[in-house]
Amino acid sequence: MADTNLDDFIEAGTVSLGIPLEEAWKPAVKANLAITLRLAESVTEFKLPDDAEPAPIFKA
Amino acid sequence: MAKEWATATAFEIAAAVASGQTRATDIVEDALARIDALNPKLNAFTAVTAKRARARARSLDANSNKANLPLAGVPFAVKNLFDIEGVTTLAGSKINRAYPPAKRDAGLIERLEAAGAVLVGAHNMGEYAYDFTGENVHDGASRNPHDLAHMSGGSSGGSGSAVGGCMVPLALGSDTNGSIRVPSSFCGIFGLKPTYGRLTRARTFPFVASLDHLGPFTRSARDLAASYDAMQGPDADDPACTERAPEPVTPLIERGFDGLRIAVAGGYFKKGVFPEAIEAIARVAKALSVSDEVDIPEAARARAAAYVITTTEGASLHLDRLRKQADDFDPAVRDRLIAGALVPATLVNKAQIFRRWYREQVLKLFERYDAILAPSTPCVAPKIGQQTFEIDGVKMPVRPNIGLYTQPISFIGLPVAAVPVPLEPLPIGVQVIAAPWREDVALRIAYALEQMGVAAAKRPTVLGG
């Protein structure tokens, strides 16, 4: 996700989730989200096969 | 009297109480007096349960069976995310102060008391356990017992401060990404983060369900083993708690490290490390005659995946509070949780897929080695409020980097004994990492290091003398 779109994403996301967001909080939220997305990208770029199972396994 | 029991181990206290050499009442009064004297400096306790502790001690003194209680008369306290009957469970927050008092003790408190230990209070902690510093905007920072200007480490900061400061010989904390191992390192004490699912989390306030562990802090390896043994066992009240029968480690810890295959973690675990952490690892490796180095594959990515799962599961836990009481959070916690709430589920699932792959790779290493050594923290305790430190000439933020070496390990639930290396002026910890369910291996090594004098909980300056 391009960093330049994060402001709009944060605005839409917090409104959709019903989370209040004051103007003063936005820079820190954006910085934290950018770090998380960057770290997530390092995980997603590591290719694993389609049948790789996630760690939590549901048992009926 | 005040100094006599201050640095005593739980083992020594229990032996003295069980044999009738001293009374549980005297031990508890001594601990309460020390808490009164030191808490204004260390800010480790948010509640002292003196009335309950005195009643419990009197009951123990009247108990004709106390010789059979392995922790008879041992004072202990818990991170304030553990339920204590009649006390509101704060979890380091302002918000939870409005919640009603707990109706029943946490499962691990019940088990320690069944073994003869005496609860004396609750410890300060980072808000909702989302912290590596031991700082708290509502209660103030808990402080390092070796230098009050320095961090205790988080998020179980008060627990580290209290055991490191000799207020109590035993404390319980939680570890999601390093919150037992970091305070152990900064405060110079022993800590055990058991295998994920080993100890019940019943009636404790959660943070990240798939990563949360509970465990003890002590001033000796033997006390880690004794308290851990007292707390093992299945519990239907925690869905993640194992159904394995208890596997006592106390009878095994004196076996030494002969025959154990041990390696030092290289690669990722040697980057960004300060000289004191290098020195600590070198001392431990030398004492254990370890020359092998092993690369834990994709540890940086493991840390990244742990970060993603933490922030999103944490945000899910707190979503309702973010909607209704966002102003009442510590701003640093709130801003991270709001960001976490916005992370797409596709990325979280990718992190969980990576987690299984990574687990399989690391478990292969344990076919070759019984234990792996790694720093607990990159450095000794930074100063309270310190925002940056310099690694290889590059200025880095302190907060997220404190857990650099703990996160890739707890991510897959491996057991770790964190051992304190008594450097001057501040101590630092080393992780002894074992395969799942092999706490015995980690504790054997911790005990051997303590016997050789390489690992030790040194006397804190706050105690004087």
Side-chain angles (χ1 to χ4, degrees), chain A, chain B residues 196 209-211 239-240 297-298 300-313 315-316 318-327 329 331-344 346-360 397 400 407 411-413:
Chain A
M1 188 175 295
D3 189 57
T4 47
N5 294 336
L6 275 186
D7 291 326
D8 293 343
F9 180 76
I10 290 167
E11 192 70 41
T14 49
V15 169
S16 300
L17 287 170
I19 298 172
L21 184 66
E22 291 184 14
E23 201 59 35
W25 307 350
K26 289 182 179 177
V29 170
K30 184 178 178 181
N32 280 301
L33 184 58
I35 291 169
T36 307
L37 293 176
R38 179 170 52 76
L39 291 170
E41 181 59 24
S42 79
V43 177
T44 57
E45 71 187 14
F46 189 74
K47 299 305 175 198
L48 289 170
D50 285 340
D51 61 355
E53 291 276 344
I57 302 287
F58 176 75
K59 289 179 183 168
Chain B
Y196 179 78
S210 76
L211 292 171
E298 300 297 341
R301 243 183 276 274
R303 184 201 169 221
Y307 193 103
V308 172
I309 292 169
T310 297
T311 194
T312 53
E313 276 193 42
S316 169
H318 291 291
L319 182 59
D320 205 42
R321 282 176 282 271
L322 288 171
R323 285 170 168 162
K324 295 173 183 166
Q325 294 174 275
D327 271 327
F329 281 83
V333 173
R334 177 198 62 215
D335 296 343
R336 278 182 288 168
L337 290 175
I338 292 176
L342 300 173
V343 176
T346 45
L347 302 180
V348 184
N349 199 48
K350 284 285 189 190
Q352 291 287 15
I353 290 170
F354 174 81
R355 188 180 189 182
R356 176 167 294 279
W357 176 87
Y358 174 71
R359 173 183 175 272
E360 286 169 6
Q407 283 181 277
F411 182 47
I412 48 170

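First the proteins, then the strands, lettered A, B, ... as listed; each starts at 1. The shown structure was predicted, so the numbers you read here are calculated from the model rather than taken from an experiment.
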Exercise: identify the closest heavy-atom pair between A:A55 and B:R356: O-NH2, 2.6 Å

Find out whether B:I353 and A:F46 are in side-chain contact, i.e. whether some heavy atom of one side chain is under 4.5 Å from a heavy atom of the other. no

Closest heavy-atom contact between A:L39 and B:A304? O-CB, 3.6 Å

Interface check, chain B: of A:P20, A:A12, A:G13, most non-hydrogen pairs under 4.5 Å belong to A:P20

How close do A:T36 and B:V308 get, heavy atom to heavy atom, and via which atoms? O-CG2, 4.0 Å

May I ask you to test the B:I338-A:L33 pair for a side-chain heavy-atom distance under 4.5 Å? no

Counting distance only, does the side-chain N/O of B:R301 pair as donor-acceptor with the main-chain N or O of A:S42 below 3.5 Å? yes

Straight-line distance of A:K30 NZ to B:D335 CG, nearest 0.5 Å: 14.0 Å

Could you measure the distance from the OG1 atom of A:T14 to the CG atom of B:L322? Nearest 0.5 Å is fine. 11.0 Å

Where A:I35 and B:Y307 come nearest, the two heavy atoms and their spacing: CG2-OH, 3.6 Å

Can you tell me which portion of A:L17 sits under 4.5 Å from chain B's heavy atoms? Options are side chain, backbone, both or neither. both

Chain A interface, residue from B:R359, B:R336, B:R334, B:R355 that has the most non-hydrogen pairs under 4.5 Å: B:R334

Taking all non-hydrogen atoms of both residues, which atom of A:V43 and which atom of B:K350 are closest, and how far apart? CG1-O, 3.9 Å

